[in-house]
Amino acid sequence: MPLPLTAPEILNREFLEIRCRILDLAAALDRLQRAEGSVADDPRLARLREALAIVQDESDDRAEQVQMVFSRPYDDTWQNALKVAPR
Amino acid sequence: MDYFDPHIHMVSRITDDYETLAKMGCVGMSEPAFWAGFDRCSVDGFRDYFRQLTEIEPKRAAQYGLQHYCWLCINAKEAENVSLSREVIAMIPEFLDKPNVLGIGEIGLNKNTRNEAIVFVEHLELAVKFDQQILIHTPHLEDKYQGTRMILDMLTDDSRIDRSRVLVDHVEEHTVRHVLEEGFWGGMTLYPTTKCTPQRACDIIEMYGAERLMVNSAGDWGPSKPTAVPDFILEMRRRRHPESLIRQVVYDNPLKFFSQSQNFRFTPRETTGEPARTGAALRA
Ligand SMILES: [Zn+2]
């Protein structure tokens, strides 16, 4: 459906909020950096980096792509694997 | 604006919440059976819970002019216990004729296990046998995509299931398209951190349209906000969407979907005092 608000109107409305969220994100990553110990090998950190790369992309389905980064894969033969008979 | 919350767990909320909901425009709600935060030991634990859903909550709601409906099942988390699940499924028909019961739900998957799938299919059998509508819980976080696809497989494998009488809940950006394309209804749950925010629910409406989509608060005993639907209404207004579109999502759609249940006898606020319109009348 066509959006009632134009892109400039949306940016005016959301600029401060987007800025605030990016700062929160940057500060959270700084916090991880400052803390004792390392999470460099934690697969969750790799996921976060992958998601951040998607955010910088120019596509129009970034939210869906980010969701997929944090999703276990679906295998359409699951009914055989789990030995569940389809009706 | 009058609205209907299609998914909220009022047994976990205080009476003040009923009052707040009424003040904010809520006219009614439907409450699916869910996990209480602990596993119940016996079928009698569920029997007592179903009495609470069918006898106690409608009275609490009515004090504030709210119409309370419910759905019955053993949830996906406790479905890991297959023998207990079978006892509960066998007992559910005792309650299906209670006046506020809309169908079977919220059934679904939690960790996408074999036992959960077995109990899910047995719930479908129950729904088909008693011609009940179905409300479905899709898993959380990293399990959601896989579990939603598995659920859609089980539903579409069964040609007896009428897709227009099934609501697949907790849809998000990566699952909503699959649910709508297969002809089911979709529900978006507005939660503070997990699931959808009001902003993202508006985005999904903008991308997919309002047909067969609803929003709910899924307010329960965990971090959740029973007044999340008004937050969605406000965000839609701030984006200058027409009132008719907002109303379709928060009022017309739930009523259209629920009217397919034999027990749904909703009286719109405007006609209070006149004879209740039955499900059949609303469908017409
Ligand atoms: Zn729920």
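Labels below follow one simple rule: chain letters A, B, ... track the order of the sequence lines, proteins then strands, and each chain is numbered from 1. What you see below is based on every heavy atom in this structure, not just the backbone, and it leaves out hydrogens, waters and symmetry mates.
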With a 4.0 Å cut-off on N to O distance, would you call [X] and [Y] a salt bridge?
X: B:Lys129; Y: B:Glu125; result: no
X: B:Asp131; Y: B:Arg165; result: yes
X: B:Asp203; Y: B:Arg239; result: yes
X: B:Arg200; Y: B:Glu172; result: yes
X: A:Glu9; Y: A:Arg13; result: no

Practice item. Please determine, among A:Gln67, A:Gln65, A:Met1, the option with the most heavy-atom pairs under 4.5 Å with chain B. Key: A:Gln67
Practice item. For each of A:Pro4, A:Ala81, A:Ser71, A:Pro2, tally heavy-atom pairs with chain B at distances under 4.5 Å, and name the one with the top tally. Key: A:Pro4
Review point. Taking every heavy-atom pair that is under 4.5 Å apart, which of B:Met207, B:Lys144, B:His241 has the most such pairs with chain A?
Key: B:His241
Does any heavy atom of chain A fall under 4.5 Å from the side chain of [X], the backbone, both, or neither of them?
X: B:Thr113; value: backbone
X: B:Arg177; value: side chain
X: B:Ile205; value: both

